[in-house]
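Here's the structure we're looking at; comments come further down.
These values consider heavy atoms only, across backbone and side chains, with no hydrogens, waters or symmetry-generated copies. Just so you know, residue 1 is the first one in the sequence shown, and it goes up from there.
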Amino acid sequence: MNNKHLLWFLVAANVLFTFASVGAEGFFGWTLPPALAAYRHERFAWGFSEALRLMALAVTALVAFAAWIGLASLWRHARGLFLFSLGLGILDRLIAGPSVTTSIGAAFRMADSVVAGVIIGLVYFSDLARVFEKRPVAEGTAAWQVGRGVS
């Protein structure tokens, strides 16, 4: 399989696992024991800190969408954006405090993490890494040729 096709497949799997983990938490929430379900329900008390956390989560989602689109289209800055979105996700987990998840949601989240690791390995440590690196402009190339891809 071509590495570009593999990257596209992995990005699609990363998106699907991300949405599946969120969907599983909503759909299978009834499987939690009553004490854990009550704790989870108590955490939805909205205040200023929860509004800031929701805003940070929205920023993380927007950066992740931009990174996924950039990786699929082989954009040069997509690798850094993908790492930045993973860092924002980790920061969000750190400031969220203790959480309760269903087993299915945790399994999807773990699969999402594994796929993200494979994406990092593919875009940084395979021959596909050269696609994301800055290409030097040949000496004597006019500015109008650079914009059109003429060398």
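- When all heavy atoms are compared, the tightest approach of Leu81 to Ala66 is CD2-CB, 3.6 Å.
- Interatomic distance, OG1 of Thr18 versus CG of Asp112, reported as 3.5 Å (0.5 Å rounding).
- Tracing side-chain contacts under 4.5 Å through hydrophobic residues (I, L, V, M, F, W, Y), one reaches Trp30 starting from Phe108; they form part of the same cluster.
- Heavy atoms of other residues, nucleotides or ligands lying less than 6.0 angstrom from CZ of Phe132 number more than 12.
- With a 6.0 Å cutoff to the six-membered ring centre and a 45° limit on the axis angle, Arg79 counts as a cation-pi contact of Tyr124.
- Under the 4.5 Å side-chain criterion, counting only non-hydrogen atoms from C-beta, Val11 is not in contact with Ile69.
- The line from CG of Asn3 to CZ of Arg130 is 10.0 Å long, rounded to the nearest 0.5 Å.
- Atom CG in Leu7 sits 6.5 Å away from atom CD1 in Ile119 (nearest 0.5 Å).
- Minimum heavy-atom separation, Arg40 to Gly29: NH1-CA, 3.9 Å.
- When all heavy atoms of Leu86 and Ala116 are compared, the pair lying nearest together is CD2-CB, 4.2 Å.
- Cluster annotation: Phe17 and Phe27 are assigned to the same hydrophobic cluster (Ile/Leu/Val/Met/Phe/Trp/Tyr, side-chain heavy-atom contacts under 4.5 Å, transitive).
- Every residue two or more places apart in sequence or in another chain was checked for a side-chain hydrogen bond (donor to acceptor under 3.5 Å, both in side chains) with Thr60, and none qualifies.
- The CZ atom of Phe28 sits 8.5 Å away from atom OG of Ser103, with the distance rounded to the nearest 0.5 Å.
- Glu25 places no side-chain N or O within 3.5 Å of a backbone atom of Thr101 that could act as its donor or acceptor partner.
- Counting all heavy atoms, side chain and backbone alike, Ala67 lies closest to Ser85 at CB-OG, 4.4 Å.
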**Request:** Start with the C-alpha distance between Val115 and Phe9, add both sets of side-chain angles, then the distance that settles side-chain contact (heavy atoms from CB on, under 4.5 Å), and finish with yes or no.
**Result:** CA-CA 10 Å; Val115 170; Phe9 175 76; over 6 Å; no
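- Taking hydrophobic clusters as Ile, Leu, Val, Met, Phe, Trp and Tyr residues chained together by side-chain heavy-atom distances below 4.5 Å, Leu10 shares a cluster with Leu83.
- Atom OG of Ser73 is separated from atom CH2 of Trp8 by 12.5 Å, given to the nearest 0.5 angstrom.
- Placement of Phe125 and Leu6 within a single hydrophobic cluster is found when ILVMFWY residues are connected by side-chain heavy-atom separations under 4.5 Å, directly or transitively.
- Summarising the geometry of Ala24 relative to Thr102, their closest heavy-atom pair is O-OG1, 4.0 Å, with the distance given to 0.1 Å.
- Relative orientation of the His77 and Trp75 rings is perpendicular, given thresholds of 30° and 60° on the angle between their planes.
- Atoms CZ and CG, on Arg53 and Asp92 in that order, are 4.5 Å from each other to the nearest 0.5 Å.
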**Request:** Begin with the C-alpha distance, continue with both residues' side-chain angles, and end with the deciding distance and a verdict on side-chain contact (heavy atoms from CB on, under 4.5 Å) for Leu52 and Met55.
**Result:** CA-CA 5 Å; Leu52 284 177; Met55 189 173 68; 4.0 Å; yes
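- Leu71 and Phe84 fall into different hydrophobic clusters, defined by Ile, Leu, Val, Met, Phe, Trp and Tyr side-chain heavy atoms under 4.5 Å apart, directly or through other members.
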